[in-house]
Structure formats: C-alpha cells, structure tokens
Amino acid sequence: MTRPAPTHRLRLVTCLLLGMLAAGPLHAAAGMQAVVQDPYLELRTGPGRGFPVAQVVDQGAEVSLLRRRTDWIKVRGANGVEGWAHRSQLERTLTTDGEPLALPGPAPESRTAHRWEVGLATGDLDGASVVGAGAAYLVTPSLVVRADVAQLLGNASNGWLGTVGVAHVFMPQWRVSPFVGIGGGALRIEPKATLVQPEDRSDTIAYAGIGLRGYLTDRFMLQAEYREFVVFTSRDDNEEIDEWTVSFAYFF
C-alpha cells in the first residue's frame, strides 16, 4: 500500500495550524471598550497566571481592549497603563453603553459542556492517503470514547481502516489541549489489479496515539493526531505502521 509521500508536509501543516490556534486571534478584540464592574481589574505582565500582577484598574474605570492571546486579553487603562487580564474578569465588565461585554471567540464553558463530536479527517497512513470520518462521545470532559472509519488510497493498493478507542484530554478547559489515546480495530487491504492478482487481506490492529485539539469557535474544533499501529497479521509477522491526521469537527 505504500507510495512515496511527503509526510513531512503533513507534519508541517499540522504544526502551523496548531500554532495558529495556540497564538489565538490576536486582534479579535481590538477596538472594544469596557467599564470595570469588579472592585478592581488585575493586569499582569504577560498572558498567563504565572506572570505577576503589575497594575490594577479601579471599578468604574474604562479600559481599551488591544489584542487577545487564548483566554488572555491585553488592555490599556485611561492613564495609559497596559497589561493582560483574564477573559473571566472581562466578561463581568460592561460596554460604554451599559451592556454586558461579549468577547469574540470560543467561551471556556463550551469546551467542557458538550457531549458529542463529529468530524472529517485527512492524513497519511504508511504512505497512503487517508480520508475519513469519526464520532466521539464525552463521558466526562477528560474521557472521550471515539469511533473512526477511513478509506486508504495508495499506488499499489487501497483499503479501509476502522477503529474504536478511548482518549484522555489533559486540560479540557484550555483552548488548545493535549490528549493521548488507545484503541483497536480492523484493517482491510485491497491490492490493485496486476498480472497475478493477490488476495485481499484483513487484519486486526491496535494503536496508541497522541495529539492536540484546539477550539476555533463555540461549535468547531481542529485536531491533529499521530498514531502508531501494530498490525496482527495472519502470517505471524506483526507489522508497525504510523499515521498522521488532521481533522475538523463539529461539537454539540
């Protein structure tokens, strides 16, 4: 089923896509104005709780939203002081018209409140192109039961791959979360016609995988995953193959 395939290109695309997710929509909140409703608004020196609080903005003061990085927004006070505030605090502010501030981008609660995910995937399995679809059910925000089916398109043969497995998401509340998974299934290889027609082959498989999932909006996510398969062949000669995929999913 193998064919020359630039798998490094898929890996590069995966890194670029997830890098864009990690960086977040930097300018999505630019130009918005807010009025602080909490007793004070903490401003940190960087976009994370590991950065120290350098300034505070008092209740009733106006701030300008400059840019966003994941769940942190850089703001500027009326006195010119700048710093990073967490989304949760800014969601408790009001606009200058007295309306609740609506921040663009996926809200943190949408990442853990849904139960179902369905999506489409593309990638590379041992040199063959992968086109697939999948569905997942979240038992908890961290525990995912999933099923996937994919068609394999190679130069010498085509095939089908079906898997069922479980995945553990380490930080489901994060906008970009790492995960690991294990599972099993079946692999069917259908060689293309030659002078001597070889037999079709069906084998049992098991896999272990690792990946990243990132939320694009309150309903869509992007996921990149690497899986290493063990193929339990009927020839008592097990094979190891690997797979890279990028998938686009809708969750509800």
Check your understanding: What distance do Tyr40 atom OH and Asp58 atom CG have between them, rounded to the nearest 0.5 Å?
Key -> 11.0 Å
**Study point:** Closest non-hydrogen atom pair between Val144 and Ala136, with its separation
**Key:** CG1-CB, 3.6 Å
Review point. Is Arg111 close to Gln173 at the side-chain level, that is, under 4.5 Å between some pair of heavy atoms?
Key: no
Point to revise | Leu216 with Tyr250, same ILVMFWY side-chain cluster at under 4.5 Å | key: yes
Review point. Can you find a heavy atom in the side chain of Val231 that is under 4.5 Å from one in the side chain of Asn238?
Key: no
**Study point:** Tyr215 six-ring face occupied by Arg175 cation (under 6.0 Å, within 45°)
**Key:** no
Review point. Stepwise, does the side chain to side chain contact (heavy atoms under 4.5 Å, CB included) test hold for Arg201 with Arg188?
Key: CA-CA 6 Å; Arg201 198 181 88 195; Arg188 179 173 177 80; over 6 Å; no
Point to revise | Side-chain heavy-atom pair Val166, Ile182 within 4.5 angstrom cut-off | key: yes
Point to revise | Worked check of side chain to side chain contact (heavy atoms under 4.5 Å, CB included) between Tyr226 and Glu228 | key: CA-CA 7 Å; Tyr226 167 76; Glu228 184 170 328; 3.6 Å; yes
Review point. Shared ILVMFWY cluster between Phe252 and Phe248, side chains joined below 4.5 angstrom?
Key: yes
Review point. Does one hydrophobic cluster hold both Val118 and Leu143, with members joined at side-chain heavy-atom distances below 4.5 Å?
Key: yes
Point to revise | Any donor-acceptor pair under 3.5 Å from Asp237 side chain to Thr233 backbone | key: no
Exercise for review: Locate the shortest heavy-atom distance separating Pro141 from Pro172; write the atom from each residue and the value.
Suggested key: O-CB, 3.3 Å
Check your understanding: Taking side chain as C-beta onward, heavy atoms only, is Leu65 less than 4.5 Å from Ile73?
Key -> yes
Review point. Going by atom types alone, do Ser64 and Arg76 pair a side-chain donor with an acceptor below 3.5 Å?
Key: no
Exercise for review: Grab the two heavy atoms, one from Ser247 and one from Leu222, that are nearest each other, plus how far apart they are.
Suggested key: O-CD1, 3.3 Å
Review point. If you round to the nearest 0.5 Å, how far is CG of Leu41 from CD of Gln55?
Key: 11.5 Å
Review point. Applying the 4.5 Å side-chain criterion to the ILVMFWY set and letting contacts propagate, would Val81 and Leu90 be lumped into a single cluster?
Key: yes
**Study point:** Pairing residues for Glu117 by the side-chain hydrogen bond (donor to acceptor under 3.5 Å, both in side chains) criterion, not counting sequence neighbours
**Key:** His114, Arg213
Point to revise | Point-to-point distance, once rounded to the nearest 0.5 Å, from OG of Ser202 to CH2 of Trp160 | key: 13.0 Å
Revision key, fill the gap. In this structure, OH of Tyr207 is separated from CD of Glu243 (nearest 0.5 Å) by 9.5 Å
Check your understanding: Is a donor on one side and an acceptor on the other found under 3.5 Å between the side chain of Asp97 and the backbone of Glu99?
Key -> no
Study note, to complete from the structure: In short, Val139 meets Val145 closest at the heavy-atom pair CG2-CG2, 3.7 Å
Practice item. Flag the pair Glu42 and Arg49 as a salt bridge only when some basic side-chain nitrogen lies within less than 4.0 angstrom of an acidic carboxylate oxygen. Key: no
Exercise for review: Apply the test side chain to side chain donor-acceptor pair (under 3.5 Å) to residues Arg227 and Thr163: give CA-CA distance (whole Å), side-chain angles for both, the deciding distance (0.1 Å), then the verdict.
Suggested key: CA-CA 11 Å; Arg227 290 182 178 181; Thr163 60; 3.2 Å; yes
Practice item. Would you confirm whether Asp124, through its side chain, and Gly127, through its main-chain N or O, come within 3.5 Å as a donor-acceptor pair? Key: yes
Review point. Is it true that Val246 and Phe220 fall in one hydrophobic cluster, defined by side-chain heavy atoms closer than 4.5 Å?
Key: yes
Practice item. Report the distance from atom CG of Asp242 to atom CZ of Phe229, rounding to the nearest 0.5 Å. Key: 9.5 Å
**Study point:** Heavy-atom side-chain contact between Ile205 and Ile241 under 4.5 Å
**Key:** no
**Study point:** pair Val53-Leu43: side-chain heavy atoms closer than 4.5 Å
**Key:** no
Check your understanding: How far apart are the closest heavy atoms of Met221 and Phe251, and which atoms are they?
Key -> CE-CD2, 3.9 Å
Check your understanding: How many angstroms lie between CG in Asp38 and CD in Gln59, if you round to the nearest 0.5 Å?
Key -> 7.5 Å
Check your understanding: Would you say the side chain of Phe179 lies within less than 4.5 Å of the side chain of Met171, judging by non-hydrogen atoms?
Key -> no
Revision key, fill the gap. Hits for ring-ring contact (aromatic ring centres under 6.0 Å, His included) against Tyr137, two or more places apart or cross-chain, chain-then-number order -> Trp116
Practice item. Under the side chain to side chain contact (heavy atoms under 4.5 Å, CB included) rule, what do Glu62 and Thr96 come out as? Steps first, then yes or no, please. Key: CA-CA 8 Å; Glu62 291 188 15; Thr96 53; 4.0 Å; yes
Practice item. Taking the side chain as every heavy atom from C-beta outward, state whether Val75 and Glu82 have any pair of such atoms under 4.5 Å apart. Key: no
Exercise for review: For Ala34 and Leu101, work out which heavy atoms get closest and say how close.
Suggested key: CB-CD2, 3.9 Å
